[in-house]
Amino acid sequence: MADLLELVDSRQIASGVHAIVLRRDEPLSEPVAPGTFLDVLCGTAATSLVLRRPLSIADASDDGREMTLILRVVGTGTAVLAGLPVGSRVDCLGPLGQPFRIESGVGRALLVGGGVGVPPLYLLGRRLVEAGVRVQFRLGFRDAADVFWTDRFADLGQVLVSTDDGSAGTRGTVADLEQDDAARDFAPEAVYACGPLPMLRYVQSRFAGEVPTQLSLEERMACGVGACYACVVQDARDADHQYRICWDGPVFDAQEVAL
Ligand SMILES: Cc1cc2nc3c(=O)[nH]c(=O)nc-3n(C[C@H](O)[C@H](O)[C@H](O)COP(=O)(O)OP(=O)(O)OC[C@H]3O[C@@H](n4cnc5c(N)ncnc54)[C@H](O)[C@@H]3O)c2cc1C
Ligand code: FES
C-alpha cells in the first residue's frame with residue numbers, strides 16, 4: 001500500500017544531484033534494510049506521470065520514519081521530485097526489494113559504487129560498521145562536480161574516489177583504483193556493488209567465485225512489484241528463467257545473474 005510521506009528536507013549536493021528527506025507519520029516495524037528502494041510517484045496534475053520511479057534508500061533513521069534519497073535529475077520524474085517544496089506530500093511504495101545481506105563471519109568488506117549506484121552503499125556501510133565489519137568504499141563519479149557525500153562515507157571507512165577526467169581522486173574508473181596502495185592492502189572477504197552495467201560486469205568478473213559478491217542491478221521499471229516483467233535479467237544457471245529485478249532483486253548474488 002502506498003504512503004503519503006512528507007518532504008522535510010531537499011538540497012542540491014552535487015551538479016544535478018539532490019538529497020531529499022521523506023518522513024512518514026508512523027515508525028516502521030523493523031529497521032530499513034540496505035539495498036531496498038522506494039517506488040515514488042513523481043507526477044503532479046501538471047505532468048501526469050503515471051509510472052513510479054524507483055529510488056534507493058540512501059539512509060534512514062533508526063525507527064524508519066525518515067528516509068533519505070539521493071537522486072540525479074535525468075528526466076521529468078526526477079526533475080519534478082527535485083523541485084518539490086519542503087512540506088509537499090510524496091506518494092511512495094516501499095521499502096521494496098530484496099536487500100543486501102550482511103555475510104556472517106566477514107571482517108572486511110569492499111563496497112563499489114558508481115554514479116547513482118553510490119547512494120545505497122551509505123546505508124549498507126552503516127549497517128556493516130554496526131556489525132563490526134571494516135569497510136572500504138571505491139566510488140566512481142564523472143568529475144569533481146559530480147562527487148557527493150564522500151565526507152560522510154569517510155566517517156564509516158576508507159574512501160577511494162575515481163573520476164572519468166581525473167578532476168577528483170584517481171583518473172579512470174573504479175577498476176583503476178585497484179592500483180591504489182590502500183586497495184592493494186585491503187583483501188576483502190565480501191564485495192558489494194551498485195552502479196552502471198560495465199562496472200557491475202567488472203566487479204562480477206573480478207571478485208565473484210573468489211569471495212561472496214552481491215550486485216544491485218538497475219533497470220527501467222513499470223509496476224515495481226513483480227507483475228509486468230518489464231525489468232528482467234537472465235538467470236545465469238537456467239536459460240529458461242529470468243529474474244524480475246524489482247521483485248527478486250534488485251540485489252543478487254553475482255553468480256546468479258548473466259550480465
Ligand atoms: C532499484 C533502482 C534503484 C535506483 N536508485 C536510484 C537512486 O538512488 N538515485 C537515482 O538518481 N536514480 C536511481 N535509479 C534510477 C532512477 O529510477 C531513474 O533515473 C528514474 O526513474 C528516471 O526517471 P525520470 O522520469 O527522471 O527520467 P525518464 O524521463 O524516465 O528517463 C530519462 C533518461 O534516463 C534513463 N533511465 C530511466 N530510468 C533508468 C534506469 N533505471 N536505469 C538506467 N537509465 C534509466 C532513460 O532511458 C532516459 O534516457 C534507480 C533505479 C532502480 C531500478
Ligand atoms: S517492474 Fe514490473 S516486474 Fe519489475
Side-chain angles (χ1 to χ4, degrees), residues 10-22 32-44 46-60 67-84 90-100 111 113-125 139-142 146-149 152-153 192-201 214-235 241-252 257 259:
S10 177
R11 62 188 66 206
Q12 187 167 352
I13 57 170
S15 175
V17 180
H18 296 250
I20 63 171
V21 180
L22 297 168
V32 175
T36 56
F37 63 93
L38 292 183
D39 218 8
V40 182
L41 197 58
C42 306
T44 63
T47 57
S48 63
L49 287 176
V50 178
L51 295 181
R52 292 172 180 275
R53 272 37 178 188
L55 293 164
S56 304
I57 300 169
D59 198 12
M67 285 173 279
T68 304
L69 311 181
I70 294 178
L71 52 117
R72 167 172 293 289
V73 175
V74 294
T76 315
T78 43
V80 168
L81 205 52
L84 287 179
V90 184
D91 186 318
C92 298
L93 273 180
L96 299 176
Q98 305 304 319
F100 287 113
L111 283 63
V116 295
V118 169
L121 299 186
Y122 183 75
L123 184 56
L124 173 62
L139 307 178
F141 299 93
R142 279 198 299 233
D146 199 38
V147 175
F148 59 85
W149 271 27
R152 295 183 64 160
F153 280 102
Y192 300 88
C194 185
L197 202 50
M199 192 204 85
L200 296 180
R201 287 194 179 118
Q214 296 174 40
L215 308 176
S216 180
L217 309 189
E218 274 184 22
E219 186 50 84
R220 296 210 74 172
M221 291 183 179
C223 71
V225 290
C228 72
Y229 280 77
C231 63
V232 295
V233 61
Q234 181 61 46
D235 184 336
H241 179 247
Q242 295 180 317
Y243 292 109
R244 292 158 295 176
I245 292 175
C246 67
W247 189 254
D248 304 307
V251 177
F252 295 89
V257 287
L259 300 180

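Values reported hereafter were calculated over all heavy atoms of this structure, with side chains retained and with hydrogens, waters and symmetry mates removed. Because the structure is a prediction, the values reported are computed rather than measured. Counting starts at 1 for both ligands and their atoms, following the listed order.
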Considering both backbone and side-chain atoms of [X], is one of its nitrogen or oxygen atoms within less than 3.5 Å of a nitrogen or oxygen in ligand 1?
{"X": "P54", "result": "yes"}
{"X": "G75", "result": "yes"}
{"X": "G77", "result": "yes"}

Check ligand 2 against [X] and write out every atom of the ligand that is under 4.0 Å from a heavy-atom position of the residue.
{"X": "G224", "answer": "1 (S), 2 (Fe)"}
{"X": "A222", "answer": "1 (S)"}
{"X": "G226", "answer": "3 (S)"}
{"X": "A227", "answer": "3 (S)"}
{"X": "C246", "answer": "1 (S), 3 (S), 4 (Fe)"}
{"X": "Y229", "answer": "2 (Fe), 3 (S)"}

Distance from [atom] to nearest protein heavy atom, with residue and atom:
{"atom": "atom 11 (O) of ligand 1", "answer": "R72 N, 2.7 Å"}
{"atom": "atom 37 (C) of ligand 1", "answer": "R220 NE, 3.4 Å"}
{"atom": "atom 32 (C) of ligand 1", "answer": "V74 O, 3.4 Å"}

task: For the residue pair F252 and Y243, categorise the inter-ring angle as parallel (less than 30°), tilted (30 to 60°) or perpendicular (more than 60°).
output: tilted
message: As a test of the contact definition, would atom 3 (C) of ligand 1 count as having a protein heavy-atom neighbour under 4.0 Å?
response: yes
query: Is the distance from atom 4 (Fe) of ligand 2 to the nearest N/O/S atom of C231 under 2.8 Å?
result: yes
query: Does any N, O or S atom in C223 come within less than 2.8 Å of atom 4 (Fe) of ligand 2?
result: no
Location of contacts on W247 toward ligand 2, heavy atoms closer than 4.0 Å: neither
Only heavy atoms of [X], strictly under 4.0 Å: list the atoms of ligand 1 that pass.
{"X": "L71", "result": "9 (N), 10 (C), 11 (O)"}
{"X": "T78", "result": "24 (P), 25 (O), 26 (O)"}
{"X": "I70", "result": "7 (C), 8 (O), 9 (N), 10 (C), 11 (O)"}
{"X": "T76", "result": "25 (O), 26 (O), 29 (O)"}

Nearest neighbour of atom 41 (N) of ligand 1 from the list E218, E219, R53, on a heavy-atom basis: E219
Option set D39, V116, V251, criterion heavy-atom distance to atom 10 (C) of ligand 1, minimum: V116
message: On a heavy-atom basis, which atom in D59 and which in R152 lie closest, and how many Å separate them?
response: OD2-NH2, 3.3 Å
field: Distance-minimising heavy-atom pair for A227 and C223
entry: N-SG, 3.1 Å
field: For V40, the option from V90, V80, L71, I20 that meets side chain to side chain contact (heavy atoms under 4.5 Å, CB included)
entry: V90
